[in-house]
Chemist: 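To start, I am sharing the structure in question, which I have written as structure tokens.
Residues take their numbers from the sequence shown, with the count starting at 1.
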Amino acid sequence: SNDGSRGLGDVYKRQAFILLALFTGSRRNAIEKLPWSAIDWDRNVIDFRGPGVPSQKKKRAVMVMPMELREALWELRHDEIGELQTFVLGDYGSERAYDTVTRFLKRAGFDWVTPHVFRHTFITWALQDGHTPREISDYLHVSEATIRRVYAHNNPYEPSRMSARRLFADETVQTEAARPNGSSPH
């Protein structure tokens, strides 16, 4: 049924899923199975490999929580729904948060977006913020080769995107400006 309590649960699940996906770049399964006990508030980390988390084929990471994520999760943990839950996204085995988010995105007109896009967004933003593929690889436990192959076009510092003209453009302008009377070098 679509009573008020389910609606509130859907909002809670969507908010928590989207925040965790955008701020950690974690995969759907890791987010959906994350127990509150895997969040160490004192050390400010989320251990996606933590106690009560079943081991998986895909590697999982321990991640520092950005302040925005910490504040949002703290608020969610201490609201009337979060206090009753073992898992961050609610009782495990209930409707998956992934399905709730997918349905929400489709209703909002974003048919082409799946929750996995948040992982791509995280990696893209990290590259654009100047993090190296190696740093992102270490943080997300995804291969550096995959990051270079899939996301190189988003990295403004990727060597394949640089050209001699771009590298030396500023130097050329400075050299020409330094010539007396604007004389030609030839």
Chemist: Determine, stepwise, if the pair Leu34 / Phe48 fulfils side-chain contact (heavy atoms from CB on, under 4.5 Å).
Modeler: CA-CA 7 Å; Leu34 180 69; Phe48 283 96; 3.9 Å; yes
Chemist: Could you state whether Leu19 and Val45 fall into the same hydrophobic cluster, counting links through intermediate Ile, Leu, Val, Met, Phe, Trp or Tyr residues with side-chain heavy atoms under 4.5 angstrom apart?
Modeler: no
Chemist: Tell me whether Leu22 shares a hydrophobic cluster with Leu69, the cluster being built from Ile, Leu, Val, Met, Phe, Trp, Tyr side chains joined at under 4.5 Å.
Modeler: yes
Chemist: Hey, could you give me the CD/CZ distance between Glu144 and Arg148, rounded to the nearest 0.5 Å?
Modeler: 5.0 Å
Chemist: Roughly how far, to the nearest 0.5 Å, is OG of Ser143 from CD1 of Ile136?
Modeler: 12.0 Å
Chemist: Is Glu32 reaching over with its side chain to a backbone N or O of Leu89, donor-acceptor style, under 3.5 angstrom?
Modeler: no
Chemist: Can you tell me how far the CZ atom of Arg103 sits from the CG atom of Asp99, to the nearest 0.5 Å?
Modeler: 7.0 Å
Chemist: For Ala21, does its backbone N or O pair with a side-chain atom of Ser26 as donor and acceptor, under 3.5 Å?
Modeler: no
Chemist: Output, in order, the C-alpha distance, side-chain angles, deciding distance and verdict of side-chain contact (heavy atoms from CB on, under 4.5 Å) for Trp36 and Leu76.
Modeler: CA-CA 11 Å; Trp36 282 112; Leu76 287 171; 4.3 Å; yes
Chemist: Quick one: does any side-chain atom of Glu135 pair with a main-chain N or O of Thr132 as donor and acceptor, under 3.5 Å?
Modeler: yes
Chemist: Within this structure, what is the CG-CG distance for the pair Leu105 and Asp111, rounded to the nearest 0.5 Å?
Modeler: 9.5 Å
Chemist: Are the aromatic rings of Tyr139 and His131 close, with centres under 6.0 Å apart?
Modeler: no
Chemist: Linking I/L/V/M/F/W/Y whenever their side-chain heavy atoms sit closer than 4.5 Å, directly or via other members, would Trp112 and Tyr98 fall into one cluster?
Modeler: yes
Chemist: Is it true that Arg134 and Asp138 have a side-chain N and a carboxylate O under 4.0 angstrom from each other?
Modeler: yes
Chemist: What is the minimum heavy-atom distance between Pro66 and Phe23, and which atoms define it?
Modeler: CG-CD2, 3.8 Å
Chemist: Would you confirm whether Thr124, through its side chain, and His120, through its main-chain N or O, come within 3.5 Å as a donor-acceptor pair?
Modeler: yes
Chemist: According to a hydrophobic-cluster definition based on side-chain heavy atoms being under 4.5 Å apart (Ile, Leu, Val, Met, Phe, Trp, Tyr only), do Val101 and Phe110 belong together?
Modeler: yes
Chemist: Got a donor-acceptor contact below 3.5 angstrom from the Thr146 side chain to the Val142 backbone?
Modeler: no
Chemist: Decide yes or no for Val62 and Ile46: does some side-chain heavy atom of the first lie under 4.5 Å from some side-chain heavy atom of the second?
Modeler: no
Chemist: Evaluate the ring planes of Trp41 and Trp74, with Trp represented by its six-membered ring, and classify them as parallel (under 30°), tilted (30 to 60°) or perpendicular (over 60°).
Modeler: perpendicular
Chemist: Between Asp40 and Asp47, is the side-chain contact (heavy atoms from CB on, under 4.5 Å) condition met? List the steps.
Modeler: CA-CA 8 Å; Asp40 185 333; Asp47 186 351; over 6 Å; no
Chemist: Should Ile31 and Val88 be marked as a side-chain contact (heavy atoms from CB on, under 4.5 Å) after you check the CA-CA gap, both sets of side-chain angles, and the distance that decides it?
Modeler: CA-CA 8 Å; Ile31 293 171; Val88 174; over 6 Å; no
Chemist: Rounded to the nearest 0.5 Å, how far apart are CZ of Arg28 and CZ of Phe118?
Modeler: 13.5 Å
Chemist: Working to the nearest 0.5 angstrom, can you tell me the gap between Leu20 CG and Met63 CE?
Modeler: 10.0 Å
Chemist: May I ask you to decide if Met65's main-chain N or O and Arg70's side chain share a donor-acceptor pair within less than 3.5 Å?
Modeler: no
Chemist: Hey, quick one: are Trp125 and Leu140 part of the same hydrophobic cluster, counting side-chain heavy atoms closer than 4.5 Å, chains of contacts allowed?
Modeler: yes
